[in-house]
2 protein chains.
Amino acid sequence: MSGRSSFQKINKACKVCTRRKVKCNKQIPCDNCIKRGEESECIKSVTDEFISNPSIEGESYLQGILKLWQSYEYWITDIGLLKTKNTDSTKKIPNFDTQIAEWKFWSAFIDFEQSFKLLNFTVENLGPLYFGCLGDINDLFIQLEVYWQRQNTFKDEPSDDFFLIEDTYRAALLWSVFSMCLYYMPIEDLSQILPVAPLCEFLGIDQNQEWSESLQLTAYQGFTKCTLKYLERANYNRNPDIRFVQSFIILSTTNFVFSDSFLVDSLLLQSVHIGKYFRIDSHKQYAGEDLTTDISKSVFSKIWLHLCIMDYRQENPNRRGLIHTEIPSLLQHAAFYQDMANFNVYQQEDSLESLFWKITSLERDLDKFLTASFKPQIKTFDAIKRELNIFDKKIHNTEFEPKSINAQFQRFLSSFLLSSVQWKLHKMYLIYFNSSDALDKSAHYVQILIKLIESNMNRGYSAFNKHPLVLQTLSRVVPFYSFYNIFEVNPQVETLNNDLANLLLALPVILGEKWVGLSYLIQRLNSLGIIWEKVRVEGTSKNWSHPVLKIIQDDVRVVSKMNSRTLTMIQGAPSFGDITNLEENEYTENDDEYFSRNKISKEFKYIVDEFKKEHSIVKIFT
Amino acid sequence: MSGRSSFQKINKACKVCTRRKVKCNKQIPCDNCIKRGEESECIKSVTDEFISNPSIEGESYLQGILKLWQSYEYWITDIGLLKTKNTDSTKKIPNFDTQIAEWKFWSAFIDFEQSFKLLNFTVENLGPLYFGCLGDINDLFIQLEVYWQRQNTFKDEPSDDFFLIEDTYRAALLWSVFSMCLYYMPIEDLSQILPVAPLCEFLGIDQNQEWSESLQLTAYQGFTKCTLKYLERANYNRNPDIRFVQSFIILSTTNFVFSDSFLVDSLLLQSVHIGKYFRIDSHKQYAGEDLTTDISKSVFSKIWLHLCIMDYRQENPNRRGLIHTEIPSLLQHAAFYQDMANFNVYQQEDSLESLFWKITSLERDLDKFLTASFKPQIKTFDAIKRELNIFDKKIHNTEFEPKSINAQFQRFLSSFLLSSVQWKLHKMYLIYFNSSDALDKSAHYVQILIKLIESNMNRGYSAFNKHPLVLQTLSRVVPFYSFYNIFEVNPQVETLNNDLANLLLALPVILGEKWVGLSYLIQRLNSLGIIWEKVRVEGTSKNWSHPVLKIIQDDVRVVSKMNSRTLTMIQGAPSFGDITNLEENEYTENDDEYFSRNKISKEFKYIVDEFKKEHSIVKIFT
């Protein structure tokens, strides 16, 4: 319905596929090239196109370079930073006795009273994170009573096979709630409830100290381990139980989602398996008429949406979407709904999960262009904009400030998610269509994101900023402007970069190592900026083959290579490359030929070489 | 290309869907009816149609009834007998200490020399079961050396974190081989290698006895537990390793596949996850040109085919196909190949796995009609027949008797698989087209199956009969003729039934509880035959509503209900029905209405009632 777009599609197969006369799936790098180990050529062939052939009239030099960002955002900030695992089979593993001793320590860490205080805290403060996936929240208190009864009976009569599967799943669910609690609880509250001395003793450190953010992180990690151990003890591979899924969803409201991408994928798969075993997906949205609206159906449909959102967010080249792909985008539904006379698009959302899913489905519509080598149509973006603006009104049309902490948290999450998708949209208007106000608009949404985070800090709700969504969003937003800043000096962007740098420093320590990785990435992009400024390549007026562009293309290559690991059999035993050598191997294998073909000077090679030595990209995932 | 078929398609939506005016997926029972809990109506509406409206000219009364068999075969013999799990969350679970003590017992059960003897046995006798999924088989011996080195070093210096992930996966792979060995090894060989006294001591039974089949079963189960524990210890959820997949494939050559359908599904999912992580599916068949033919590609393509076959064989209503669906049927390929001038359809198969997959893909083409309410076209069957006959020539065209035990085993498996699919085909010719020679032909293939099994016994290869394929096939073949025998007295069928009954009795004890379930099912069908013979329903000349038909329909209903378990939330805590009450609940809920609507007498109800009490169908899966 929008005006006809006058933009051409850039919709070409990569040069490697063209040469080989095979069908190219037009991703960067494309599947064929990944299989053949020719990512390098593939990335270069497509991205050189972006840079050197501004096919759209009036497209600037910067414009061409910004297109590189899209695959950079996908491979470096999403896959590389958040979802790449360094597998190493020569790692030592603790034996069973050690594991069990640790589990016993943690499971005895809290007593009856403390446990109720922790539960209370989550009910009053963290509701929007997990109420949706449980039925009646009061039942958790009953379950906690039963938990202690069983623990005490067991103390009196320890017997080999006293615990039931039932007991173990109950414990796992409660411990997932405690883990979430430990993650979000402000230090002051924590100090009121739990003594730190036993933890210090366990760690063998000075017992005369207070709770610190890093001790809190340690305790939260211990609680998480304890939860996983309870799940393991319930033999979840054999004994399907919906509490497995609930425990997993609750753990996933913390930085557990960033801890080990393979583990998270394994647990997600098992959750889907259990969900399908109990047919909870038959209650899912859009599944057809749902006349009955009893509590079960509503809870299971929320659990399923939770899993669909996770499934989408955790997607990676080694695990494509399982279930989110079954639900169409809101965009398709919106078009469908417009034909219906009485459909009120402003209707109340039936649940937070449903609101989140709908916004996420629009994000999915945008993200699919990250690795596509063709240009989207502007009318797609315009349609997404209309939908997002509708949600904007819906979320912000209530004048009054919500009173309960739960309501505040919920409002923060909704606003933050929506603004992050708005930002993505306007970033893409900037990249693909260079709309005159696109930079301003994208900056506008960054400012909203910053304000939301700062406002939490100022009002004493810093805990909200620990939600994984915050780090996930910042890991895309912050590097984008650092990237932009390499190629163009722009006061507005510089201000943004300063604000964002300050914001990063103020984020909670508990976000852990991914925060460190993000900071490293930013610092690395800034170093690239210095090279861009200092090094002028002779013979070409527009720097088409600049060391910085070579490094950026190589970053994508290294991360995509890391994520398409193939095994080789050596004497019948499989082995796979060590990633610490990956960058180096890649380099020596392909680059000599590359350099000679592209007539590149020794100095150029030296600069690229030195930069990689000093700022290895693999550090972002180790 | 076959002559035009003159048969009409029976291609109707079920009556429930027709009444509700919704789209029916034409399965028995259909998805809509399962969701609404109206399986009973659905099954009845479709199967009554089969029985009472012989729409094809000349279709006999028996013909109509035989169509009932198709959904019976799917729900009772495949899903009910082999893939239904009785979940019970009030079961006790052994605590960690007990589990570890057991694991320690088993992992110390064999010494250096014994372990090499076991490995030797598998290499010489069980090659076709697992050579395909390993690279160089000699490497296993090296790995076993390393295994003992590590074990001994550990004994001297026990340290908490001495073992590496590497060590643990190595141990798991070797123990999967030992488990397979214990499963297949003849008692005499076993007695030569391992003493039975330690096992008797562990079990607390008389130590003055010899190895028996049931002690062998216990030891095999202990070895399997030990393997699973090693995998667990390697944290396979966190540490992807191809040896997980290999161990799983090796365990699956035993009756482990029947042990716990949910567990097998969980491990299969994880295998696929790991396989995709390492991109082994990019080596799969039909993936396009594969120019390099190095050992890795060949091994990984075989592993992937193994997983595809497992994925198909383990398919059930709670876990639909994951990966086998990506590979088209041979039928489609055959059509494709016929257009190619130089294609030699008799070419040597490149691997046993590839041969197995191709035959299995034809079986899949047949099986899809098991739950379809419409009639297949005869030309589909004819095309499958042509393909199967090609394989027949291929497998049996070698005149000479293979010499090595490995080659004999391989030949047995290929012949057995092929004949079982041939049987299926001719069973379906009989059911759908009543071809004049169909009963003879189906009986012919049963005789081949029987001869193959008996020939193993006579030549001292009884171990071959332990392969899961044998039980899987017999669990469909034997009940079919018992079913047939209910409704028609036929000397040929009676002879078959006698032969099959004797065969069942001669099968190895190690096949375990599924063998017991199958025997129960046969005995139950025989009891139904007695009722059919004795009870004459008045008022109808053709017995359309006979207690036996009601019981058969109810069997399908109970098993399909069992497999579409949905949860309900009680006070926020999920709970699900206990299957022991399932039959009873089902019964009282729906049947009163059913009986009154169908004007059924008290005597009729009494007969159905009594039979269910005495011969509960749920016993086949408990």
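Lettering follows sequence order; numbering is per chain, from 1. Excluded from the calculations below are hydrogen atoms, water molecules and symmetry mates; all remaining heavy atoms, backbone and side chain alike, are included.
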Can you tell which part of A/Tyr169 gets under 4.5 Å to a heavy atom of chain B, answering side chain, backbone, both or neither?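 No part of it gets close to chain B.
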So what's closer than 4.5 Å to chain B heavy atoms on A/Asp265: side chain, backbone, both or neither?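 Both backbone and side chain.
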Test salt bridge (charged side-chain N to carboxylate O under 4.0 Å, His left out) applied to B/Glu102 - qualifying residues, sequence neighbours left out: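 Applying salt bridge (charged side-chain N to carboxylate O under 4.0 Å, His left out) to B/Glu102 gives B/Lys225.
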Backbone N or O of [Y] within a donor-acceptor pair of the [X] side chain at under 3.5 Å?
X        : Y        : result
B/Asp311 : B/Ile323 : yes
A/Asn563 : A/Asn316 : no
B/Asp260 : B/Leu263 : yes

So, A/Ser266 and B/Gln270: side-chain donor and acceptor under 3.5 Å apart, yes or no?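 Checked: A/Ser266/B/Gln270 side chains pair up, N/O donor to acceptor below 3.5 Å.
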For chain A, which of B/Arg170, B/Arg319, B/Arg320, B/Glu232 has the most heavy-atom pairs under 4.5 Å?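 Of B/Arg170, B/Arg319, B/Arg320, B/Glu232, B/Glu232 has the most heavy-atom pairs under 4.5 Å with chain A.
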For chain B, which candidate among A/Asn237, A/Val264, A/Asn235 shows the most heavy-atom pairs at distances under 4.5 Å?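 Max contact count across the listed options: A/Asn237.
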Hey, can you tell me if A/Phe262 and B/His273 have their rings parallel, tilted or perpendicular (30° and 60° cut-offs)?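 Aromatic pair A/Phe262/B/His273 classed parallel.
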Measure distances from [X] to the heavy atoms of chain A and classify the residue's part below 4.5 Å as side chain, backbone, both or neither.
X        : result
B/Thr168 : side chain
B/Leu268 : neither
B/Leu267 : side chain

